[in-house]
J.: 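What follows is a structure written as structure tokens; I'll ask about it next.
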Amino acid sequence: MQTEQETFLAEVLSPSQVSLFLNCPAKWMFRYLLDLKDTGTAATALGKAFHETIAHNFRQKQETTRDLPLAECVEFFGNVLGRELEEVKLQKDESPMELLDLGTTMVAKYLGEAALLIQPAAVESRVAGIIGGVRVSGYVDLLDADGRLIDSKSAIKPIKGIAHDHRLQLTSYAMITPAATGARRLDTVTKGKTVTLVQKSFCINEKDRQYAENVYPMVQDSIREGIFLPRRGSSLCSKRYCGYWSICEREYGGSVRDD
């Protein structure tokens, strides 16, 4: 039987909540039901700093129509990264300076190859609507002047396609953002030995809509059933990539990968 808190949390879902639940119900429980702090990892700290820097640039570009100088963005990135790393326990092979150097290269790559051609109409704007009978809300990373939704991400290695969570996120926002045309693009900066920018453009289709219409009520029902087991088969179920690793070890036993 679900608790009142579970019922309340499931009343309004976001694409990130749904994706998190599908990837690992236990992680959803730790974050949204138990409200436990995600200690974060070097990867999440780097990703947040990169994302906030890109948003910072586009917010001012709405007014000036010009991108910020690279040096200003790099300084902003360094400040955010420093703040995020204060909450993270780095692994033995991770260092703040290496992360700063990597992030600086990522920011330079995005500003030099993607940002120049984008004129933002809305940045980090809240949207809400109904999908599959479920109330859905969230924040759109970027809506450009042509009504195209653009989401910027960082990834560990080059991607071949569009991951289901990214596709769901962009589909959901296209369905509940009045000014969106249905055109979407995912910009991914990879963090491998060579930093690269991969841009994937696509348009929302009927299959995308049907999936969204089905997955939101399915996840809502699953949350209300109250079964939150860890997804052991996930590549992110490890000490390096999950900020709830220690909690999961304690609650569910020691079969989570220590790498």
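It should be emphasised that the depicted structure is a prediction, and the values quoted were computed from it without experimental measurement.
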J.: Which residues pass the side chain to side chain donor-acceptor pair (under 3.5 Å) test with His56, not counting sequence neighbours?
T.: none

J.: Kindly work out whether a path of hydrophobic side-chain contacts (I/L/V/M/F/W/Y, heavy atoms less than 4.5 Å apart) joins Tyr173 to Leu142.
T.: no

J.: In this structure, would Val195 and Val198 fall into the same cluster of hydrophobic residues linked by side-chain contacts under 4.5 Å?
T.: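 No, because Val195 and Val198 fall into different hydrophobic clusters, even though each may have its own neighbours under 4.5 Å.
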
J.: Kindly write out the residues that satisfy salt bridge (charged side-chain N to carboxylate O under 4.0 Å, His left out) with Arg209, not counting sequence neighbours, or none if the list is empty.
T.: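 Residues passing salt bridge (charged side-chain N to carboxylate O under 4.0 Å, His left out) with Arg209: none at all.
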
J.: Considering all heavy atoms of both residues, which atom of Ala42 and which atom of Leu99 are nearest to each other, and what is their separation?
T.: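 Minimum heavy-atom contact is CB-CD1, 4.0 Å.
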
J.: Which pairs of donor and acceptor atoms, one on a side chain in residues 109-127, lie under 3.5 Å apart (sequence neighbours left out)?
T.:
residue : atom : partner : partner atom : Å
Lys109  : NZ   : Glu113  : OE2          : 2.9
Tyr110  : OH   : Asp187  : OD2          : 2.9
Gln119  : NE2  : Lys61   : O            : 3.4

J.: Between Thr196 and Thr194, is any side-chain donor less than 3.5 angstrom from a side-chain acceptor?
T.: no

J.: Go through the steps to decide whether Val215 and Val18 satisfy the test side chain to side chain contact (heavy atoms under 4.5 Å, CB included), and finish with yes or no.
T.: CA-CA 8 Å; Val215 76; Val18 169; 4.1 Å; yes

J.: So which pairs with a foot in residues 183-215 pass ring-ring contact (aromatic ring centres under 6.0 Å, His included), sequence neighbours left out?
T.: none

J.: Hey, any chance Leu13 and Leu20 share a hydrophobic cluster, counting ILVMFWY side chains that come within less than 4.5 Å of each other, even indirectly?
T.: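 In one cluster with Leu13: Leu20, yes.
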
J.: Got a donor-acceptor contact below 3.5 angstrom from the Asn205 side chain to the Lys207 backbone?
T.: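 Yes; judged by distance alone, with no hydrogens or angles, the pair exists.
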
J.: Report yes or no: does Asp208 contribute a side-chain atom to a donor-acceptor pair with the main-chain N or O of Ile204 at less than 3.5 Å?
T.: no

J.: Which donor-acceptor pairs under 3.5 Å do the side chains of residues 68-83 make with protein atoms, sequence neighbours left out?
T.:
residue : atom : partner : partner atom : Å
Asn79   : ND2  : Glu75   : O            : 3.3
Arg83   : NH2  : Glu52   : OE1          : 3.2
Arg83   : NH2  : Glu52   : OE2          : 3.1

J.: Please find the pair of heavy atoms, one from Ser14 and one from Ser137, that lie closest to each other, and give the distance.
T.: CB-O, 3.1 Å

J.: Which atoms form the tightest heavy-atom contact between Val88 and Ala45, and what is the distance?
T.: CG2-CB, 4.2 Å

J.: At their closest point, which heavy atom of Met106 faces which heavy atom of Phe50, and how far apart are they?
T.: O-CE1, 3.7 Å

J.: Lys89: which residues meet the salt bridge (charged side-chain N to carboxylate O under 4.0 Å, His left out) condition with it, sequence neighbours left out?
T.: none

J.: Are the side chain of Thr181 and the backbone N or O of Gly147 linked by a donor-acceptor pair below 3.5 Å?
T.: yes

J.: Please name the pair of heavy atoms, one in Val12 and one in Gln17, separated by the smallest distance, quoted to 0.1 Å.
T.: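 Shortest heavy-atom separation between Val12 and Gln17 comes out as O-NE2, 3.8 Å.
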
J.: Are Leu197 and Leu149 connected in a single hydrophobic cluster, I mean Ile/Leu/Val/Met/Phe/Trp/Tyr linked by side-chain heavy atoms less than 4.5 Å apart?
T.: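 Looking at the clustering, Leu197 is in a separate group from Leu149.
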
J.: To the nearest 0.5 angstrom, please state how far the NZ atom of Lys200 sits from the OG1 atom of Thr188.
T.: 9.0 Å

J.: Do you know which two heavy atoms are closest between Pro230 and Cys24, and how far apart they sit?
T.: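 So the minimum-distance heavy-atom pair works out to CA-SG, 3.8 Å.
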
J.: Between Glu87 (side chain only) and Glu84 (backbone N and O only), is there a donor and an acceptor less than 3.5 Å apart?
T.: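 No; judged by distance alone, with no hydrogens or angles, the pair does not exist.
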
J.: Please check if atom CD in Glu206 has more than 12 non-hydrogen atoms from other residues, nucleotides or ligands closer than 6.0 Å.
T.: yes

J.: With distance as the sole test, does Gln60 use its side chain to make a donor-acceptor pair with the main-chain N or O of Arg66 at under 3.5 Å?
T.: yes

J.: So, Ser172 and Tyr216: side-chain donor and acceptor under 3.5 Å apart, yes or no?
T.: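 Yes.
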
J.: Does atom CZ of Arg31 have more than 12 heavy-atom neighbours from other groups under 6.0 Å away?
T.: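 No, the 6.0 Å shell around CZ holds no more than 12 heavy atoms from other groups.
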
J.: Report yes or no: does Thr44 contribute a side-chain atom to a donor-acceptor pair with the main-chain N or O of Thr41 at less than 3.5 Å?
T.: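 Present.
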
J.: Less than 3.5 Å apart, any donor N or O on the side chain of Thr171 or Arg184 sitting next to an acceptor on the other?
T.: yes

